**Q** 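First, the structure itself, so that you have it in front of you.
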There are 2 protein chains.
Amino acid sequence: MHIMRIEDEIKQPVFKDEYQKGYINLIYTAGWLQQQQAAAFREFDLTLPQFNILRILRGQHPKPATVNLLIERMLDKTSNASRIVDKLEAKGLVTRTVCPSNRRAVDIRITEAALELLLRMDTEVLSKQHNLQTLTVEEAVQLNALLDKIRD
Amino acid sequence: MHIMRIEDEIKQPVFKDEYQKGYINLIYTAGWLQQQQAAAFREFDLTLPQFNILRILRGQHPKPATVNLLIERMLDKTSNASRIVDKLEAKGLVTRTVCPSNRRAVDIRITEAALELLLRMDTEVLSKQHNLQTLTVEEAVQLNALLDKIRD
DNA sequence: CGACATTAAATGTATGTACATATATTTGCA
DNA sequence: TGCAAATATATGTACATACATTTAATGTCG
């Protein structure tokens, strides 16, 4: 049993109560998970938000997505999908065309190159994604219930 | 019972398993909590990382802290404490002086103005910090145990 | 029809994150 | 002593976040 408690991770010996500890613990653990993932993406020259947008586009494929749809499905709704798409377009991973039926909107499509890239990444990334596998299924269910309740 | 499940929040109807759902849920909830806090800080012209550094400095007061000590205690250890201190110095909330006993290091001290600011913020911020209060104490304990286990 | 609000996306600006590199000081040891 | 390694911080660059503002297209209602 070599679990590292949050107290030790950030060298703060005492929390006011379990709520404050939970708050810090949640932020810290989420950041920790994201860094694990980001490291796996670096060798494919993708950042985490870029990867997430590509996954949404693959889910839509072969239908296009608009910027609005990307924002709706993104975890961080206030981030700037438009500029992340810029970077993906520059790498040839997505295309942008004005939507014919609504010229305010932009149809964004994933390219073949990006689909192949995702395919190569799938196995590699999945193997590293499962830090949560340290939990039993029951514990994972419990975690989801607690998190949903926090945002109530 | 109007708990909003993560499936609905990001409009993704199906997850592969409870682990994948837990991963997404954790990242999403942490971001949600941080935004709640950031909104409370905005009226005081502080960002969340700036506030966190001020709190660490208050904990040290009247002893100074070095950049190294700030990094040790920060939640995000790879971020750039030096530049956050820049911003705080520009606002007159901290002072920087070369450490006499080790001229490589910098003694960072919180100013009276910052101590007063934190005092004004304490009540305001605490009232908004406790989104986790939707949990019972037992649930908060459970959450902490699960999070520690994930990082094992 | 035409002014006005609404919607979709892009842009501007300040801040922070992530990582590599630079600069200065101190330490260790041949 | 002197020189390489280690330490403490700062700086450079690319990217993302947060929020306000702008631009263009569409809807609506008098």
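Model, not experiment: these values are computed from the prediction. Here is how names work: the chains are called A, B, and so on, in the same order as the sequence lines, proteins then strands, and each is numbered from 1.
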**Q** State which of dT17(D), dA18(C), dT17(C) makes the closest approach to the side chain of Pro49(B).
**A** dT17(C)
**Q** Quick check on DNA chain C: between Asp107(A) and Ala38(A), whose nearest nucleotide comes earlier from the 5' end?
**A**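 Checking each residue's closest nucleotide, the 5'-ward one belongs to Asp107(A).
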**Q** Counting only side-chain N and O atoms of Asn102(B), is one of them less than 4.0 Å from OP1 or OP2 of dA8(D)?
**A**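 So the side chain of Asn102(B) is outside the cut-off, no N or O lying under 4.0 Å from OP1 or OP2 of dA8(D).
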**Q** Select base, sugar-phosphate, or nothing to describe what Leu48(B) touches, counting heavy atoms under 4.0 Å on all strands.
**A**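 No contact.
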**Q** Will you find, in the side chains of Thr29(B) and Arg151(A), an N or O donor that is under 3.5 Å from an N or O acceptor?
**A** yes
**Q** Both Val67(A) and Gly31(A) contact DNA chain C. Which one's nearest nucleotide lies toward the 5' end?
**A** Val67(A)
**Q** Assess the residue pair Leu69(A) and Ile56(A) against the criterion (side-chain contact (heavy atoms from CB on, under 4.5 Å)); give the C-alpha distance rounded to whole Å, side-chain angles, the decisive distance to 0.1 Å, and a yes or no.
**A** CA-CA 9 Å; Leu69(A) 184 142; Ile56(A) 296 170; 4.1 Å; yes
**Q** How many whole angstroms separate atom CZ of Phe41(B) from atom C1' of dT15(C)?
**A**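 To the nearest whole Å, that distance equals 15 Å.
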**Q** Let me know, please, whether Asn80(A) or Arg104(A) comes out on the 5' side of the other along DNA chain D by nearest nucleotide.
**A**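 Per heavy-atom nearest nucleotide, the more 5' residue is Asn80(A).
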**Q** Are any of Thr47(B)'s side-chain N or O atoms less than 4.0 Å away from OP1 or OP2 of dG16(C)?
**A**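 For dG16(C), OP1 or OP2 has a side-chain N or O of Thr47(B) closer than 4.0 Å.
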**Q** Any base atoms under 4.0 Å from Asp86(A), or only sugar-phosphate, or nothing? Heavy atoms, all strands.
**A**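 Since no nucleic acid heavy atom lies under 4.0 Å of Asp86(A), the category is nothing.
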**Q** Does Arg96(A) place a side-chain N or O at less than 4.0 Å from the phosphate oxygens OP1/OP2 of dA9(C)?
**A**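 False: Arg96(A) side-chain N/O out of range (4.0 Å or more) of dA9(C) OP1/OP2.
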**Q** Output the rounded distance in Å from CZ (Phe51(B)) to C1' (dT15(C)).
**A** 18 Å
**Q** Using whole Å, report how far CZ of Arg42(A) lies from P of dA20(C).
**A** 7 Å
**Q** Quick one: Gln35(B) CD to dT17(D) C1', roughly how many Å, whole number?
**A** 9 Å
**Q** Could you measure the distance from the CE atom of Met74(B) to the CG atom of Asn80(B)? Nearest 0.5 Å is fine.
**A** 8.5 Å
**Q** For Ser101(A), enumerate each residue passing the side-chain contact (heavy atoms from CB on, under 4.5 Å) test, keeping only those at least two apart in sequence or located in another chain.
**A** Cys99(A)
**Q** For Leu69(A) and dT7(C), what is the distance between atoms CG and C1' respectively, to the nearest whole Å?
**A**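 Rounded to whole Å, this separation is 16 Å.
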**Q** How many whole angstroms separate atom CE of Met74(A) from atom C1' of dA18(D)?
**A**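 The distance from CE of Met74(A) to C1' of dA18(D) comes to 12 Å, rounded to the nearest Å.
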**Q** Quick check on dT17(C): is either OP1 or OP2 less than 4.0 Å from any side-chain nitrogen or oxygen of Gln34(A)?
**A**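 No, Gln34(A) has no side-chain N/O under 4.0 Å of OP1/OP2 on dT17(C).
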**Q** In whole angstrom, what separates Asp45(B)'s CG from dG16(C)'s P?
**A** 12 Å
**Q** To the nearest Å, give me how far apart NZ (Lys87(B)) and C1' (dT17(D)) are.
**A**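 Value for this atom pair: 13 Å.
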**Q** Just compare dT17(D), dT26(C), dA18(C) and give me whichever is closest to any side-chain atom of Arg83(B).
**A** dA18(C)
**Q** Using atom types as modelled and distance alone, determine if a side-chain donor or acceptor of Thr134(B) lies under 3.5 Å from a backbone N or O of Lys149(A).
**A**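 A pair under 3.5 Å: yes.
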